[in-house]
Number of protein chains: 4
Amino acid sequence: MSKHTRTRETRGSITGPAPDATARQPRNRRLPAQERQDQILDAALLVFSERGFGAARMDDIAERAGMSKGGLYAHFRSKEAVFEAVLQRMLMPDLLFSEQVAGSAEADVALQDSSSLASAIDEFLERAYGRLKDERFVRTLHLLIAEGPRAPHALKPWNLRHAELLRKQQAAVTQAVSSGQLRDSALTDMVQLIHAPVLLAAILRFLQDAESVQVTLAKLRAAHRRLLLESLAPKAVADS
Amino acid sequence: MSKHTRTRETRGSITGPAPDATARQPRNRRLPAQERQDQILDAALLVFSERGFGAARMDDIAERAGMSKGGLYAHFRSKEAVFEAVLQRMLMPDLLFSEQVAGSAEADVALQDSSSLASAIDEFLERAYGRLKDERFVRTLHLLIAEGPRAPHALKPWNLRHAELLRKQQAAVTQAVSSGQLRDSALTDMVQLIHAPVLLAAILRFLQDAESVQVTLAKLRAAHRRLLLESLAPKAVADS
Amino acid sequence: MSKHTRTRETRGSITGPAPDATARQPRNRRLPAQERQDQILDAALLVFSERGFGAARMDDIAERAGMSKGGLYAHFRSKEAVFEAVLQRMLMPDLLFSEQVAGSAEADVALQDSSSLASAIDEFLERAYGRLKDERFVRTLHLLIAEGPRAPHALKPWNLRHAELLRKQQAAVTQAVSSGQLRDSALTDMVQLIHAPVLLAAILRFLQDAESVQVTLAKLRAAHRRLLLESLAPKAVADS
Amino acid sequence: MSKHTRTRETRGSITGPAPDATARQPRNRRLPAQERQDQILDAALLVFSERGFGAARMDDIAERAGMSKGGLYAHFRSKEAVFEAVLQRMLMPDLLFSEQVAGSAEADVALQDSSSLASAIDEFLERAYGRLKDERFVRTLHLLIAEGPRAPHALKPWNLRHAELLRKQQAAVTQAVSSGQLRDSALTDMVQLIHAPVLLAAILRFLQDAESVQVTLAKLRAAHRRLLLESLAPKAVADS
DNA sequence: AATGAATGAGAGTTCATTCAT
DNA sequence: TATGAATGAACTCTCATTCAT
């Protein structure tokens with residue numbers, strides 16, 4: 001990508017107030033490798049998600065990681081390598097939006113009766129839409145979507161993990177259906193449908209900035225709730 | 001030879017076989033401004049969507065447009081300007097995925113009875129999922145999502161148009177509900193829910209490349225179909 | 001010179017309010033060659049003196065001359081050629097600061113008695129320092145000094161003319177000395193000394209902008225006057 | 001081959017034999033920042049004064065400084081910045097032609113009797129006209145006059161320093177007048193008049209190249225000497 | 001003659017990467 | 001390991017000049 005476009009590039013409107021979460025260490029401190037790595041990846045995530053891969057500079061990352069540019073290269077062979085490591089790590093400590101899946105799966109597993117279905121749904125929604133208020137999460141997702149295709153091999157593990165989670169949840173849901181806890185429906189045919197509206201919400205967040213989607217998001221969530229309730233409540237429950 | 005040539009960058013896996021649809025003119029031919037502009041924007045769309053804004057080079061665009069790099073600047077002030085023009089044009093001839101909305105709206109309006117509901121849905125699905133086979137469309141969408149936030153002002157008209165179409169369709173759907181053609185449901189509360197699965201499908205396309213999602217897409221479409229049928233069919237019809 | 005520095009170059013502080021004296025013709029008008037040439041050279045003088053040779057663009061000149069860039073090339077082979085033509089013309093209608101010399105020479109020749117010496121000096125000073133209020137003159141002189149060395153061959157005729165004028169005036173002055181009208185002094189040894197302070201004044205104008213030199217210029221002129229009176233007045237007159 | 005290569009431009013006739021004083025270091029050597037800066041500014045002064053700001057290329061400067069073009073940017077933000085730094089430095093180690101003023105001031109202060117006035121004057125002239133043989137000095141002065149107006153803020157400190165020196169000398173001269181060492185005259189009214197002929201000489205150097213002015217310069221210097229002697233020698237001395 | 005799109009060779013600037021310290 | 005100056009290959013943008021119209 002261009003190297004000196006930067007200046008001209010509209011720095012992402014997503015960009016918040018430059019979080020700078022990483023406390024600036026007194027520099028030149030020698031740190032255990034692992035700790036340094038983490039610092040770097042934290043910094044890199046921020047920078048990549050703020051600027052995109054192309055517009056991110058090693059200097060930016062280094063500065064945020066509290067070290068010099070050259071120092072980065074003691075830990076990562078290249079910018080590309082940093083990027084991939086960031087992507088890799090996305091799914092380890094934090095399952096990104098796959099976690100929704102997992103969360104919902106647990107919730108589903110836990111549900112017992114009609115009241116708990118509603119509350120399980122609410123919990124799921126709270127978790128899912130709550131994340132959209134987390135600027136970091138939104139950026140990360142955006143990074144994944146925007147730049148992921150650039151590094152398909154880095155994407156692979158993510159895809160695998162995602163698939164696995166989906167499989168698990170699908171199994172749980174199917175089980176819940178056959179036990180009568182959930183109604184058989186399009187949503188139970190394919191659990192992704194359960195998450196689709198959240199993804200839509202996230203995309204709107206990218207494209208429209210936090211405030212202006214506020215209302216839409218609320219309505220979307222309400223409709224989503226209705227959808228889940230209507231589609232998932234077992235016949236008996238729904239009819240009663 | 002060099003240490004950090006562009007080549008290093010993983011050129012987007014999306015990248016097809018370099019279409020080069022634009023027949024290379026005999027160069028130096030003077031063209032009407034409008035025609036040139038179109039050529040340039042065609043070329044730029046390809047290049048931007050293949051590489052992303054950052055990695056796209058004016059040279060690439062120029063070459064694809066069959067002219068010299070410098071020549072571009074007779075028509076656009078900067079790379080940024082080309083990018084914005086591309087985004088602008090996205091919504092003129094072709095309403096991007098908003099058009100799905102419009103299409104579906106017409107379909108909805110047209111529906112009369114149960115059989116036509118099913119076929120309207122099928123038409124909608126055909127159009128919506130059919131687009132995902134169009135590499136160009138997918139790239140464009142990806143570009144919009146990935147790089148749009150970089151140029152929020154260029155995004156504004158798109159947002160407006162999109163909002164307008166949604167409004168229209170929402171009105172049509174609400175009307176269809178009160179006339180009994182559609183059942184009142186979460187999906188009619190908020191038409192976006194109708195499209196959400198398609199967006200999910202599109203995102204999967206970005207992240208996983210055409211072939212590997214093939215199966216998932218088919219299943220998703222089927223589930224989507226079931227969802228629409230179950231949720232939208234008027235009670236009487238559904239119960240009969 | 002650099003071609004795209006321009007934007008960054010501090011546009012000369014000398015630059016006044018963009019004179020634009022040349023009335024913008026309705027374009028595309030076909031004009032007699034001579035008239036066009038003049039228009040072009042007028043425009044070119046302005047642009048060159050405002051920006052310097054390097055930063056001046058053919059577009060600028062063309063626009064100010066009320067024609068298209070390409071049109072220039074019907075009259076001049078190159079930017080260099082325009083520049084030289086400008087320099088050439090400097091000495092035809094207007095002898096630049098050589099004219100001061102000439103003017104003063106005539107004045108000298110005319111002087112008869114003590115009162116007319118004083119008034120001749122005052123006339124000379126008025127003419128010489130008056131010019132410094134003429135932004136155009138100052139710019140032209142600056143252009144000559146700043147860019148002249150770039151085109152020594154274009155400078156040659158100017159130098160010849162200048163030398164001739166000096167010779168003439170030197171002769172007149174020497175004559176005036178032997179006839180007792182002027183006292184023999186350093187200034188009559190070398191007429192350039194008579195003009196030196198004006199040149200100093202002009203240089204200050206370049207380096208300090210009109211207003212801030214105002215006072216200095218006035219004082220310089222007064223001192224210059226005293227110098228001329230004291231040095232040139234014949235003994236008898238001075239002693240009386 | 002090309003149509004408008006740099007080569008076309010008449011490279012300044014001032015241009016000497018490309019001094020290249022700076023011995024080419026073995027490259028890539030890491031130097032203390034200050035030393036590098038100096039190397040760069042030395043190189044830049046040469047290049048700017050040879051070609052003028054516009055025609056100077058960063059490549060040229062880099063090459064003369066014995067480093068790569070990109071390396072310059074570790075020390076200076078832009079070409080403009082280099083230029084300003086060059087101008088700044090002009091007045092630090094070496095007060096440019098202001099120093100003449102200072103030198104002369106000291107000389108004046110030192111003068112005691114008629115013999116020392118003559119020798120003080122000769123020293124002053126030697127210093128002043130001697131500089132004109134220094135190609136570097138002449139170029140620097142030309143640069144200041146030609147390109148200074150382009151960067152008025154860089155000029156300001158120079159102006160201040162210059163003004164201060166003038167003030168000092170004016171005071172010294174006025175003092176010398178009241179103590180009877182110098183005669184009250186136009187030249188003591190305004191010390192600039194003392195220097196004016198030197199400036200004229202310098203300008204001639206720009207416009208006419210070293211050899212052809214040789215004679216003129218000698219004559220000018222002689223006349224200048226006479227002027228100073230006649231004007232500055234105290235009455236008694238002059239009359240005796 | 002005139003127009004202005006088109007060309008094409010830079011020029012300034014950026015930045016991933018290297019390497020002397 | 002860490003630092004940051006240095007490298008060098010892009011890359012964007014400019015502009016003198018040409019040329020189809």
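All of these numbers come straight from a predicted model, not from anything done at the bench. Atom set for the values below is all heavy atoms of this structure, side chains included, hydrogens, waters and symmetry mates excluded. By convention in this document, chain letters (A, B, ...) are assigned in the order of the sequence lines, proteins followed by strands, and residues within each chain are numbered from 1.
Looking at D:K69 and D:D60, no side-chain N of the basic residue comes within less than 4.0 Å of a carboxylate O on the acidic one, giving no salt bridge. Salt-bridge annotation for D:E50 and D:R64: present, with a side-chain N of the basic residue lying under 4.0 Å from a carboxylate O of the acidic one. Ion pairing between a basic and an acidic side chain is recognised when a charged N comes within 4.0 Å of a carboxylate O; B:E63 and B:R57 show no such pairing.
Under the 30°/60° scheme for interplanar angles, the aromatic rings of C:F48 and C:F53 are found to lie parallel.
Across the interface with DNA chain F, nearest-nucleotide mapping of D:G71 and B:G71 shows D:G71 to be the residue nearer the 5′ end. Mapping A:G70 and C:G70 onto DNA chain E via the closest heavy atom, the residue that lands nearer the 5' end is C:G70. When each of B:S78 and D:L72 is assigned the nucleotide of DNA chain F with its nearest heavy atom, D:L72 is the one assigned upstream, toward the 5' end.
Remark: A:R77 is not in phosphate contact with E:dT17, judged by side-chain N or O atoms under 4.0 Å from OP1 or OP2. For D:Y73, no side-chain nitrogen or oxygen approaches OP1 or OP2 of E:dT14 to under 4.0 Å. Phosphate contact (OP1/OP2 of F:dG4, side-chain N/O of A:K69, threshold under 4.0 Å): absent.
Counting only heavy atoms from C-beta on, C:M67 has its side chain closest to E:dA2 among F:dT12, E:dA2, E:dT7. Taking the side chain of B:R57 as heavy atoms from C-beta on, and the options F:dT3, F:dA10, E:dT7, the nearest nucleotide is F:dA10. Picking from E:dT3, F:dA5, E:dC15 the nucleotide with the shortest atom distance to the side chain of D:H75 gives F:dA5. If you check F:dT7, E:dA6, E:dA1 against the side chain of C:A74, the one that comes closest is E:dA1. The D:M58 side chain lies nearest to E:dT13 when the options are F:dA6, F:dT12, E:dT13.
Here F:dT12 presents its C1' atom at 12 Å from CZ of B:F48, a figure rounded to the nearest Å. When the P atom of E:dG12 is taken as reference, atom CD1 of D:I40 falls 14 Å away, rounded to whole Å. Distance B:K79 NZ to E:dT13 P: 19 Å, rounded to the nearest Å. Between D:R36 atom CZ and E:dA20 atom C1' there is a gap of 12 Å when expressed in whole angstrom units. Atom pair C:D60:CG and E:dG4:P shows a separation of 16 Å (rounding to whole Å applied). Rounded to whole Å, the distance from CZ on D:F53 to C1' on E:dG12 is 10 Å. Rounded to a whole Å, the CZ atom of B:F76 is 16 Å from the C1' atom of F:dT12. Atom CD in B:E35 sits roughly 19 Å away from atom P in E:dG4 (whole-Å rounding).
When both pairing distances are held under 3.5 Å, E:dT21 makes a Watson-Crick or G-U pair with F:dA2.
No donor-acceptor distance shorter than 3.5 angstrom exists from the side chain of B:H75 to the backbone of B:I40, with no hydrogens or angles considered.
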